[in-house]
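All remarks here apply to the structure that follows.
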Amino acid sequence: YRGSSAVAMRQATNWCSRQGITEFVRARVPVEGAMGEIMSGCIGGALSSWNTPLEVARIEAQSKLGAGEKMQGKSLVATIQEIVDKRGSED
């Protein structure tokens, strides 16, 4: 279905970055045991939110489809660009 490429990209990048960042941090956290695991997981989870724009694009594409708009030929990048053009970006 339409929008599935955005879903797949967001999920893949989210979990890969979350795991990678968590593993990187885990080796450097000075606290051991459960508290060290919790700290590593929290840091990994927070830093893996870089891909939120992919989720925004997915929601935008799916809401347009639900409203009956044509999305044929529109890529993930084009959807993100349209969002920026219509709503701007906060600097």
Self-check item: Straight-line distance of I21 CD1 to S48 OG, nearest 0.5 Å
Solution: 6.0 Å
Quiz prompt | Note, K86 side chain near Q81 side chain (heavy atom, < 4.5 Å) | solution = no
Quiz item: Partners of S49 by side-chain hydrogen bond (donor to acceptor under 3.5 Å, both in side chains), sequence neighbours excluded?
Solution: none
Under 3.5 Å, sequence neighbours excluded: what are the donor-acceptor pairs made by side chains of residues 31-39?
{"unit_1": "E37", "atom_1": "OE1", "unit_2": "R26", "atom_2": "NE", "d": "3.2"}
{"unit_1": "E37", "atom_1": "OE1", "unit_2": "R26", "atom_2": "NH2", "d": "2.9"}
{"unit_1": "E37", "atom_1": "OE2", "unit_2": "R26", "atom_2": "NE", "d": "3.1"}

Quiz item: Mind checking what makes side-chain hydrogen bond (donor to acceptor under 3.5 Å, both in side chains) contact with W15, not counting sequence neighbours?
Solution: none
Self-check item: Members sharing V56's hydrophobic cluster (side chains within less than 4.5 Å)
Solution: I83
Exercise. Could you list the residues that satisfy side-chain hydrogen bond (donor to acceptor under 3.5 Å, both in side chains) with T22, not counting sequence neighbours?
Key: none
